[in-house]
Amino acid sequence: MSDDTGTAGEAVPEHELLAVRRGKLDRLRADGIDPFPHAFPGVTPIGEVRAAHAGLEAGAETEARYRIAGRLHARRGQGKMAFLDLDDRSGRLQLQARRDVLGEEVMDRLLDLDLGDLVGIDGVVFMSRRGELSLRVEAVTVLAKSLRPPPDKHHGLQDVEQRFRRRELDLIGNADTRALFMTRAKVISTVRRQLDDAGFVEVETPILQPLYGGAMARPFTTHHNALDRDFYLRIATELYLKRLVVGGLERVYELGKDFRNEGVSFKHNPEFTMLEWYEAYADYEDAAGRLESIVHAVSVAVGYEGDLDFGPPWRRVSFVEAIQEATGVDIMAHPEGADLAVAVRAAGHELKGMDELTWPQLVDDLLSKFVEPNLEQPTIVMDYPVAISPFAKAHRSKPGLTERFEAFAAGMEIANAFTELNDPDVQRERFEAQVRFSEAGDEEAQPYDEVFVQALEQGMPPTGGLGLGIDRLVMLMTGTRSIREVVLFPAMRD
RNA sequence: GCCCUUGUAGCUCAAUUGGCAGAGCAGCGGACUCUUAAUCCGAAGGUUGAAGGUUCGAUUCCUUCCGGGGGCACCA
């Protein structure tokens, strides 16, 4: 990519557009005007100005004075009069600048502003003859000189790479990007409020962990110099949160970043936002109900208007039946990997490297390849096999299965939950099984966590726990097809 | 890592079969007192991602590299 920013020590000829802006900056200073003042008190959001004058008739004048501030978006010159558009976070307002009101000097200075400059305006509200709510400018204050041109005023910033690498330009130029991240904030605040109101305590557990766990994924590693030891960036908060339930906090949640050292895709970013909650004296049915109600509340809060129906209850289907329906294979009738591979092939399906896969890997693949992509409406897949669920409690009535579900929508997993395994001896056996899977070549099998097992030995109440992918939830709520669209600064190659 | 695709002015996009690289916006100079993608006149703005090759001639064809997008692999 060509780049006009250059690097330290390298002389780069300045683009004429930048030189022009620099020249205006110098002129402001020469005229004794601070192009970067320290504050601008008393600003009213444009949205409030609009709301206060919603019913004004075309041509109507008012005596309402406001001070607004924002970024100059467009200018339409009229000689002795000019119209300008000013953007703030809450909207856009037209400014009318008249030479007969402002006088020669102020008018000239205003016309010398560049698109993209941050300016403060004092003025009076009126409705233009064409019915555009406007502010008649009485005073102009430069709040920050912009030294680089903004994106195209009409087309915005379209280049996907620049939109992600230079998100500030995306936000300046594209109103829908601003709206999307406002929606994201609304999703998160709604989730928090739901849990807070339900008596959950928000906690923070380590991101740098001596041992990773709580999910099937490869971790990032990093190094602490003073301690001279490696740490893992967490792949999940699960094990720490359950230790807090052991400690008696009863209802806890954490909302924060997890990190997984995996490929990127439309639904995977190496760092992503995860919510996990744990509720003492509850089981996975309770977790399902809470998930439905929280996601539904989120959809209401953000004014969701898409094709997905988040109203509870969601469709429920059992894991074993879902695979059987999609592939014709009864996984429980083939408890060994090789055996199952034969059955899958006999049913006319093929998976990459199928003969080398362990039973859990194979089962996992069957779900993600044949079932998940077809789960469009919110669906809860119930009762996962023990072998792929090392932290879920055995099903109270179905042998070989656990009380675990995953929720899907728009062909994506959004949540994973279980009645938590709280029998320390069983947990120890599950870890040992994971170690065997690891030795059999599964790079994502769980490492053995003795501290966690000892915490369970202390006694953990019956507990329902759930993890919800916040980025994916935002994708659903905004109808977005790529996780990169809902993460402000997605991972990019250098 | 593999496959497909893509990269042209600050931004948004053109460029026929390989034949002088163009437009709109923004910017610059000028006109204009209700415009709103304002309009009109004028002048400017380019190492076509980088390097190499084929050719009289390359934005166009070939190779390699870099970045983006999509897919596969990987990945709940």
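A, B, ... follow the sequence lines: proteins, then strands. Residue 1 opens every chain. Keep in mind the model is a prediction, meaning the values are calculated, not measured.
Classified by interplanar angle (parallel below 30°, tilted 30° to 60°, perpendicular above 60°), the ring pair F431(A)/F391(A) is perpendicular.
Between the P atoms of rG67(B) and rA50(B), the separation comes to 15 Å (whole Å). When the P atom is compared between rA58(B) and rA21(B), the two are found 10 Å apart, to the nearest whole Å. Rounded to a whole angstrom, the distance from the C1' atom of rC66(B) to that of rG24(B) is 30 Å. Annotation: rA14(B) and rA9(B) have their C1' atoms spaced 13 Å apart (nearest Å). Look at the C1' atom in both rC62(B) and rG18(B): the space between them is 13 Å, to the nearest Å. For rG10(B) and rG46(B), the P atoms lie 8 Å apart once the distance is rounded to whole Å. Across the C1' atoms, rG27(B) and rG19(B) are found 33 Å apart, a figure rounded to whole Å. Nucleotides rU6(B) and rC74(B) are separated by 24 Å at their C1' atoms, to the nearest Å.
Out of rU36(B), rG67(B), rC34(B), the shortest distance to the side chain of F126(A) is found at rC34(B). Listed nucleotides rG27(B), rG68(B), rC34(B) differ in distance to M492(A); the shortest reach to its side chain belongs to rG68(B). Taking every side-chain heavy atom of R484(A) into account, rG68(B) is the closest of rG68(B), rC34(B), rA26(B). Distances from the side chain of H15(A) to the nucleotides rC11(B), rG69(B), rG10(B) place rG10(B) closest. Of the candidate nucleotides rG68(B), rG27(B), rU12(B), rG68(B) has the atom lying nearest to any side-chain atom of R493(A). In this structure, of rG68(B), rG10(B), rU35(B), it is rG10(B) that holds the atom nearest to the side chain of P149(A). Comparing rC34(B), rG27(B), rU36(B) against the side chain of E132(A) picks out rU36(B) as the nearest. When distances run from any side-chain atom of V20(A) to the nucleotides rG69(B), rC34(B), rG27(B), the shortest one goes to rG27(B).
Summarising the base pairing, rG1(B) is matched to rC72(B) through a Watson-Crick or G-U wobble pair whose two defining distances lie under 3.5 Å. Under the Watson-Crick and G-U wobble criteria, each requiring two contacts below 3.5 Å, nucleotide rU54(B) is left unpaired. Pairing partner, rA9(B): none, since no Watson-Crick or wobble contact has both distances short of 3.5 Å. Here rG18(B) sits opposite no nucleotide as a Watson-Crick or G-U wobble pair (both hydrogen-bonding atom distances under 3.5 Å). When both distances must be under 3.5 Å, the Watson-Crick or G-U wobble mate of rG27(B) does not exist.
Between R345(A) and D355(A) there is a salt bridge, since at least one side-chain N of the basic residue sits less than 4.0 Å from a carboxylate O of the acidic one. We find that K398(A) and D383(A) are joined by a salt bridge, their nearest charged nitrogen and carboxylate oxygen being less than 4.0 Å apart. Ion pairing of D471(A) with K267(A) is absent here, as no side-chain N (NZ or NE/NH1/NH2) approaches a carboxylate O to less than 4.0 Å. With respect to E292(A) and R316(A), a salt bridge is recorded, a charged nitrogen being found less than 4.0 Å from a carboxylate O. Salt bridge D85(A)/R92(A): absent, no basic N to carboxylate O contact under 4.0 Å. The pair E376(A)-R315(A) fails the salt-bridge criterion, with no side-chain N (NZ, NE, NH1 or NH2) lying under 4.0 Å from an Asp/Glu carboxylate O.
A donor-acceptor contact under 3.5 angstrom links the side-chain atoms of Q78(A) to the base of rA38(B).
Rounding to whole angstrom units, CG of residue L102(A) and P of rU33(B) are separated by 15 Å. Atom CG of L18(A) is separated from atom P of rA9(B) by 15 Å (rounded to the nearest Å). Nucleotide rC34(B) holds its C1' atom 8 Å from the CD atom of Q94(A), rounded to whole Å. Rounded to a whole Å, the CG atom of L93(A) is 17 Å from the P atom of rU36(B). Rounding to whole angstrom units, CZ of residue F83(A) and P of rC32(B) are separated by 16 Å. Per the geometry, CE belonging to M354(A) stands 13 Å off P belonging to rC74(B), to the nearest Å. Here rG49(B) presents its C1' atom at 12 Å from CG of D159(A), a figure rounded to the nearest Å. The nearest whole Å value for the distance from the CD atom in Q158(A) to the P atom in rC25(B) is 17 Å.
Among the heavy atoms of the strands lying under 4.0 Å from A217(A) are primed sugar atoms or P, OP1, OP2 only; no base atom is included. Within the nucleic acid shown, D100(A) comes within 4.0 Å of at least one base atom, counting heavy atoms only. Counting non-hydrogen atoms under 4.0 angstrom, R92(A) reaches nothing in the nucleic acid. Across all strands, L157(A) comes closer than 4.0 Å only to sugar-phosphate atoms, never to a base (heavy-atom distances). In this structure, S128(A) reaches the bases: a heavy-atom distance under 4.0 Å links it to at least one base atom across the strands shown. Heavy atoms of E372(A) sit nowhere under 4.0 angstrom from any nucleic acid atom. Contact annotation for R21(A): no contact, since no heavy-atom pair falls under 4.0 Å across all strands.
No cation-pi contact links R167(A) to F489(A), judged by a cut-off of 6.0 Å to the six-membered ring centre and 45° from its axis.
Look at R75(A) and you'll find a side-chain N or O under 4.0 angstrom from OP1 or OP2 of rG27(B). A sub-4.0 Å separation between OP1 or OP2 of rC25(B) and a side-chain N or O of K153(A) is absent. Between R130(A) and rU35(B) there is a side-chain N or O to OP1 or OP2 distance below 4.0 Å. When the side-chain nitrogen and oxygen atoms of R76(A) are compared with OP1 and OP2 of rU39(B), none of them lie within a distance under 4.0 Å. Within the 4.0 Å cut-off from OP1 or OP2 of rC25(B), not a single side-chain nitrogen or oxygen of H154(A) is found. At rG68(B), one or more side-chain N or O atoms of R165(A) fall inside 4.0 Å of OP1 or OP2 (strictly under the cut-off).
A donor-acceptor pair shorter than 3.5 Å cannot be found between the side chains of H395(A) and Y384(A).
Nearest-nucleotide positions on RNA chain B place D112(A) closer to the 5' end than the other of R99(A) and D112(A). Between G77(A) and P151(A), the one whose closest nucleotide on RNA chain B sits nearer the 5' end is P151(A).
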